[in-house]
Student: 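Sharing a structure, written as structure tokens. Questions coming.
Naming convention: chains lettered A, B, ... in sequence-line order (proteins, then strands); numbering from 1 in each chain. Hydrogens, waters and symmetry mates play no part in the numbers below; they use all other heavy atoms, side chains included.
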Number of protein chains: 2
Amino acid sequence: MARPHQALLSRTQIADVALALIDREGRFTIPRLADELGVHPSSLYHHVSGRAEIVELIRDRVADSITNDRPKPTAWADYVADWIRGYRAAFAAHPHVITLLTSQTVVADHTIAMYENVALVLEDAGFASDVLPVISILESYAWGAALDLVAPEIAWTPDLPRGTPLARAIANAPIGRERADAAFEIGLALLVTGLQERLRHRQA
Amino acid sequence: MARPHQALLSRTQIADVALALIDREGRFTIPRLADELGVHPSSLYHHVSGRAEIVELIRDRVADSITNDRPKPTAWADYVADWIRGYRAAFAAHPHVITLLTSQTVVADHTIAMYENVALVLEDAGFASDVLPVISILESYAWGAALDLVAPEIAWTPDLPRGTPLARAIANAPIGRERADAAFEIGLALLVTGLQERLRHRQA
DNA sequence: ACCTGAACACCGTTCAAGT
DNA sequence: ACCTGAACACCGTTCAAGT
């Protein structure tokens with residue numbers, strides 16, 4: 001074929017199809033992706049520098065999907081909770097992407113706007129020198145909760161004893177996605193409560 | 001050479017050297033591992049079923065290194081905090097292993113004893129139907145905090161504006177490992193505070 | 001500028017051959 | 001039972017050739 005009059009590929013399209021492939025099959029390879037795009041593997045290298053860059057395109061796409069409203073001056077706790085909810089939800093929409101993103105160190109993160117918004121809200125709330133740690137903590141929790149979505153259930157372990165504390169704990173909780181969602185919300189509430197208490201002591 | 005009188009390899013040795021390789025080079029391949037063991041790649045398959053099983057051996061090793069003391073009837077909050085500290089510390093000792101473990105779904109988890117201990121402590125503390133969610137939440141946080149250890153610093157982003165909330169937040173915090181450790185401890189304290197409050201309301 | 005097709009290095013795994 | 005060495009399928013990447 002050689003060069004077509006109209007380019008057959010684009011970076012957005014590559015990212016689109018790669019993401020769809022991951023959602024469908026849990027992973028992607030260059031040959032598989034090329035096939036899906038109706039093109040030869042080597043063609044991709046005219047648009048991206050390599051596999052790593054495709055992963056970064058996907059990372060950007062997921063990051064961009066985190067809703068990031070302009071902060072309102074009231075209710076910092078609600079703002080922060082919504083941020084982390086959206087953070088986790090962005091991953092939850094593409095569970096297999098999570099492990100892909102953790103396996104490759106990020107190259108650059110241009111989601112500064114998001115951090116600025118959160119930093120502003122926390123600063124206004126009075127967290128002062130705690131602002132960066134608090135952002136870290138919330139992000140760690142969101143990542144961990146996202147990983148929880150693809151982790152195996154403790155409940156699935158076959159050789160569970162009967163009548164133990166763990167057995168009772170499992171019997172008292174839902175399983176699967178419902179369990180993960182419920183746990184996430186409780187944990188988020190714990191963190192917010194903790195933040196409110198910490199702020200109270202800071203200001204006292 | 002053919003079969004030696006004394007086996008040249010063992011599963012423990014394979015796991016040992018693989019872990020050392022990951023710590024040193026950030027990753028491991030079968031040829032590289034075989035080379036390090038002074039053996040041909042195909043020899044490994046007489047001891048393990050494949051690469052995936054080697055990863056699981058490493059997972060077990062890290063999991064076993066999580067200190068898991070017998071619970072004492074007093075101070076559930078201290079027990080829980082120590083558990084999560086040890087959980088994260090086990091990963092922190094081998095940072096590159098974290099991404100390896102998240103990239104492969106676990107096959108079986110035989111660390112039931114650990115969960116039983118924590119479940120017992122939480123049950124005695126009065127968490128009742130919250131026991132499993134609380135375990136989930138704490139583990140999520142430990143995983144997220146472990147990932148934070150290998151994540152890039154927000155602070156490293158080159159194009160940071162001056163005089164913004166984020167810039168001030170970064171200026172007010174340490175960087176690197178020290179930042180991660182400090183943030184982890186604060187977040188753990190937030191969670192414990194949240195748990196204490198939640199217990200108070202449950203019992204009221 | 002952009003697609004092709006051949007080529008290369010590398011990886012995980014299998015298996016018959018040897019003791 | 002356990003190591004070897006050849007072999008295979010597959011993957012990521014390069015590059016000269018074509019338009």
Student: Applying side chain to side chain contact (heavy atoms under 4.5 Å, CB included), name anything that partners A:Ala119, two or more places apart in sequence or on another chain.
Tutor: A:Val131, A:Ile135, B:Pro165, B:Leu166
Student: Taking side chain to side chain contact (heavy atoms under 4.5 Å, CB included) as the test, write out the residues that go with A:Ala180, two or more places apart.
Tutor: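 Partners of A:Ala180 under the side chain to side chain contact (heavy atoms under 4.5 Å, CB included) test: A:Arg88, A:Asp148, A:Leu149.
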Student: Residues two or more places apart in sequence or in another chain: which of them pass side chain to side chain contact (heavy atoms under 4.5 Å, CB included) with A:Thr193?
Tutor: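 Result, side chain to side chain contact (heavy atoms under 4.5 Å, CB included) vs A:Thr193: B:Glu197.
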Student: Starting from Watson-Crick (N1-N3 plus N6-O4 or O6-N4) and G-U wobble pairs under 3.5 Å, report the runs of at least three that DNA chain D belongs to.
Tutor: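 Runs of three or more consecutive pairs: C:4-8 with D:12-16, C:12-16 with D:4-8.
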Student: Is B:Arg61 salt-bridged to B:Asp64, going by a charged N under 4.0 Å from an acidic O?
Tutor: no
Student: With sequence neighbours left out, what residues match B:Trp83 under side-chain hydrogen bond (donor to acceptor under 3.5 Å, both in side chains)?
Tutor: none
Student: Check DNA chain C against residues 26-42 of chain B and give the residues with a non-hydrogen atom under 4.0 Å, in numerical order.
Tutor: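 Correct list: B:Thr29, B:Ile30, B:Pro31, B:Ser42.
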Student: Looking at every strand, decide which applies to A:His5 at a 4.0 Å heavy-atom threshold: base, sugar-phosphate, or nothing.
Tutor: nothing
Student: Can you name the ring-ring contact (aromatic ring centres under 6.0 Å, His included) partners of B:Phe127, sequence neighbours left out?
Tutor: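 Scan of B:Phe127 (ring-ring contact (aromatic ring centres under 6.0 Å, His included), adjacent residues dropped) gives B:Trp76.
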Student: Could you tell me which residues satisfy side chain to side chain contact (heavy atoms under 4.5 Å, CB included) with B:His40, sequence neighbours excluded, listed by chain and number?
Tutor: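 Checked B:His40 against side chain to side chain contact (heavy atoms under 4.5 Å, CB included); matches are B:Ser42, B:Ser43.
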Student: Round to the nearest Å and state the distance from B:Arg51 atom CZ to C:dT13 atom P.
Tutor: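 Rounded to whole Å, this separation is 8 Å.
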Student: Can you figure out which of C:dC2, C:dC3, C:dG12 approaches the side chain of A:Ser43 most closely?
Tutor: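 Given the options C:dC2, C:dC3, C:dG12, the side chain of A:Ser43 is closest to C:dC3.
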Student: Parallel, tilted or perpendicular: which fits the ring planes of B:Tyr141 and B:Phe184, with parallel below 30° and perpendicular above 60°?
Tutor: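 Ring orientation of B:Tyr141 relative to B:Phe184: parallel.
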Student: Name the closest nucleotide to the A:Leu9 side chain, picking from C:dC3, D:dC2, D:dG12.
Tutor: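 The nucleotide sitting nearest to the side chain is C:dC3.
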Student: D:dG5 C1' sits how many Å from B:Arg3 CZ, rounded?
Tutor: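 Those two atoms, CZ and C1', are 19 Å apart.
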Student: Return the value, rounded to whole Å, for the distance between atom CD of A:Glu53 and atom C1' of D:dT13.
Tutor: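 Atom-to-atom, A:Glu53 to D:dT13, this comes out as 14 Å.
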Student: Check salt bridge (Lys or Arg N to Asp or Glu O under 4.0 Å) between B:Asp23 and all other residues, then give those that pass, not counting sequence neighbours.
Tutor: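 For B:Asp23, no residue satisfies salt bridge (Lys or Arg N to Asp or Glu O under 4.0 Å) once neighbours in sequence are set aside.
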Student: Mapping B:Gly50 and B:His46 to their closest nucleotides on DNA chain C, which lands nearer the 5' end?
Tutor: B:Gly50
Student: Give me the residues of residues 13-23 of chain B where at least one heavy atom lies under 4.0 Å from an atom of DNA chain C, by number, or none.
Tutor: none
Student: Please list, chain by chain and in numerical order, all residues satisfying salt bridge (Lys or Arg N to Asp or Glu O under 4.0 Å) with B:Arg24, sequence neighbours excluded.
Tutor: B:Glu36
Student: Please identify each residue that fulfils side-chain hydrogen bond (donor to acceptor under 3.5 Å, both in side chains) with B:Asp130, with sequence neighbours left out.
Tutor: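 B:Asp130 satisfies side-chain hydrogen bond (donor to acceptor under 3.5 Å, both in side chains) with B:Arg198, B:Arg202 once adjacent residues are dropped.
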Student: Output the rounded distance in Å from OH (A:Tyr45) to C1' (C:dC2).
Tutor: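 Checked: the OH to C1' distance equals 16 Å.
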